[in-house]
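Residue indices begin at 1 and follow the sequence shown.
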Amino acid sequence: EALLGSALPESITVYGETGDLVDITTGAGESVRAAATGPVSDDAGNALTIYEYVDSGGEVLATLAIESAVTVASDGATV
């Protein structure tokens, strides 16, 4: 939450290395998208890309901050 300066419904931060993959499985009508917010840095200087897990109406159900070196996929397709 502190990275984006606003309250979030649910959030998680994932750290990793180049070559790591996070593949997020979604439910019916749900999807993962890159947030309009550009990359941010945490207190340790790690670059994090922000993703949103949304329902079919576009409501953000969760926000994910994932280290920029990590590849992110949703249901097998790169986000």
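The shortest distance between side-chain heavy atoms of Val60 and Arg33 falls below 4.5 Å. Using a 4.5 Å heavy-atom threshold, the side chains of Leu48 and Tyr15 count as touching.
Rounded to the nearest 0.5 Å, atoms OG1 (Thr26) and CG (Leu61) are 10.5 Å apart. Glu59 CD to Glu30 CD: the interatomic distance, rounded to the nearest 0.5 Å, is 10.5 Å. To the nearest 0.5 angstrom, Tyr53 atom OH is 9.5 Å from Leu64 atom CG.
Here the closest heavy-atom approach between residue Val79 and residue Val32 is recorded as CG1-O, 3.9 Å. Smallest separation of non-hydrogen atoms from Ile66 and Val22: CD1-CG1, 4.5 Å.
For the residue pair Ser11 and Thr63, no side-chain donor N or O sits within less than 3.5 Å of a side-chain acceptor on the partner.
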Go through the steps for Thr49 and Ser68 under the test side chain to side chain donor-acceptor pair (under 3.5 Å), then give the verdict. CA-CA 5 Å; Thr49 301; Ser68 297; 2.9 Å; yes
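Put simply, the side chain of Asp23 gets close to the backbone of Asp75: a donor and an acceptor are under 3.5 Å apart. At least one donor-acceptor pair closer than 3.5 Å links the side chain of Glu67 to the backbone N or O of Gly16.
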